[in-house]
Amino acid sequence: MSGPAHVIRGSVSLPEAELMWRFSRSSGPGGQHVNTSDSQVELRFDLAKTQALPPVWKQRALERLANRLVDGVITVRASEHRSQWRNRETAAVRLASLLAEATAPPPRARRKTKIPRGINERRLREKKQRAETKRGRSGRDWT
């Protein structure tokens with residue numbers, strides 16, 4: 001497939017040589033044409049053996065995609081277009097975004113903030129005051 005390499009993030013992209021393509025008849029759109037053309041695309045990428053990803057990314061991806069891998073290989077299918085070429089594009093983009101998500105750094109840990117004592121005490125005072133007001137509304141000791 002000619003065209004740009006599918007960039008994952010930064011300067012890292014999917015090496016064309018490591019992509020394994022398979023084509024089969026699609027159940028998607030195409031009318032009678034569907035029965036004769038192999039427009040469904042299955043794209044496989046050996047995540048376990050690849051050297052294209054930085055080791056840290058690779059480790060992250062293997063952990064996060066563990067339930068989608070079969071012997072270290074990730075598979076993506078596309079059959080929503082009539083043309084095989086467009087399905088190839090879709091599959092490659094899908095794989096690239098899947099890997100981009102799986103190799104993203106974990107979010108920064110949240111730093112707890114300390115609430116100033118004065119503010120907390122004021123909140124508790126106001127809370128007590130509100131409770132008193134509401135208690136006063138129950139018409140128990142009305143004569």
Side-chain angles (χ1 to χ4, degrees), residues 1-140:
M1 185 179 84
S2 63
H6 295 280
V7 176
I8 298 173
R9 204 170 52 249
S11 61
V12 180
S13 57
L14 289 172
E16 200 59 54
E18 290 185 29
L19 300 179
M20 296 168 279
W21 298 93
R22 255 182 56 198
F23 308 102
S24 54
R25 295 197 181 155
S26 167
S27 61
Q32 293 167 335
H33 182 65
V34 156
N35 306 327
T36 60
S37 63
D38 292 344
S39 61
Q40 174 170 285
V41 171
E42 186 180 284
L43 174 56
R44 297 168 69 215
F45 179 66
D46 197 334
L47 191 54
K49 293 195 180 106
T50 187
Q51 296 296 308
L53 300 177
V56 182
W57 287 24
K58 187 167 153 179
Q59 198 50 47
R60 261 186 226 148
L62 285 169
E63 282 165 22
R64 292 184 188 166
L65 299 172
N67 58 349
R68 282 200 59 166
L69 297 173
V70 181
D71 296 334
V73 176
I74 183 115
T75 306
V76 176
R77 276 195 195 84
S79 63
E80 51 271 25
H81 302 295
R82 281 187 61 146
S83 92
Q84 186 193 92
W85 186 81
R86 282 181 66 192
N87 280 332
R88 286 173 75 151
E89 280 295 304
T90 306
V93 167
R94 237 178 240 168
L95 180 62
S97 63
L98 195 69
L99 288 174
E101 216 170 286
T103 57
R108 303 251 309 262
R110 180 182 175 275
R111 269 181 54 207
K112 288 183 183 164
T113 53
K114 183 121 173 57
I115 297 169
R117 208 167 117 205
I119 289 177
N120 210 17
E121 282 172 0
R122 191 181 77 199
R123 180 181 65 86
L124 293 173
R125 258 202 319 278
E126 286 172 1
K127 197 171 163 169
K128 270 203 180 77
Q129 185 66 53
R130 230 180 348 265
E132 277 300 311
T133 306
K134 289 186 173 191
R135 256 209 7 246
R137 286 184 194 149
S138 66
R140 273 178 308 184

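Keep in mind that this is a model prediction, so the values were computed, not measured.
- Closest non-hydrogen pair, Gln84 versus Val41, comes out as O-CG2, 3.8 Å.
- Contact detail for Ser39 and Asn87: the closest heavy-atom pair is O-ND2, 2.6 Å.
- Side-chain contact, Arg123 with Asn120: a donor N or O sits under 3.5 Å from an acceptor N or O.
- Here the side chains of Leu95 and Ile74 are in contact, with some heavy-atom distance below 4.5 Å.
- Between Leu47 and Leu99 the shortest side-chain heavy-atom distance falls below 4.5 Å.
- Applying the salt bridge (Lys or Arg N to Asp or Glu O under 4.0 Å) test to Arg86 and every residue at least two apart in sequence or in another chain returns nothing.
- Smallest separation of non-hydrogen atoms from Ala61 and Thr103: CB-CG2, 3.9 Å.
- Residue Arg94 holds its CZ atom at 10.0 Å from CG of Leu98, rounded to the nearest 0.5 Å.
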Requested in this report: Please test Thr75 against Glu42 for side chain to side chain contact (heavy atoms under 4.5 Å, CB included), starting from the C-alpha separation and ending with a verdict.
Outcome: CA-CA 7 Å; Thr75 306; Glu42 186 180 284; 3.4 Å; yes

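- The side chain to side chain donor-acceptor pair (under 3.5 Å) contacts involving residues 62-71 comprise Gln59-Glu63, where partners must be two or more places apart or lie in separate chains.
- Minimum interatomic distance between Glu18 and Gln51 (heavy atoms only, all atoms of both residues): OE2-N, 4.0 Å.
- Proximity of Val56 to Arg60: side-chain heavy atoms (C-beta onward) are separated by under 4.5 Å at one or more points.
- Without hydrogens or angle criteria, Ser138 side chain to Lys134 main chain gives no donor-acceptor distance under 3.5 Å.
- Distance check, rounded to the nearest 0.5 Å: CH2 of Trp85 to OG1 of Thr90 gives 9.0 Å.
- Using modelled atom types, no side-chain atom of Arg77 and backbone atom of Gln40 make a donor-acceptor pair closer than 3.5 Å.
- Within 6.0 Å of CG in Leu124 there are more than 12 heavy atoms belonging to other residues, nucleotides or ligands.
- Sparse packing is recorded around CD of Gln129, with 12 or fewer heavy atoms of other residues, nucleotides or ligands lying under 6.0 Å away.
- When all heavy atoms of Glu16 and Trp21 are compared, the pair lying nearest together is OE2-NE1, 3.6 Å.
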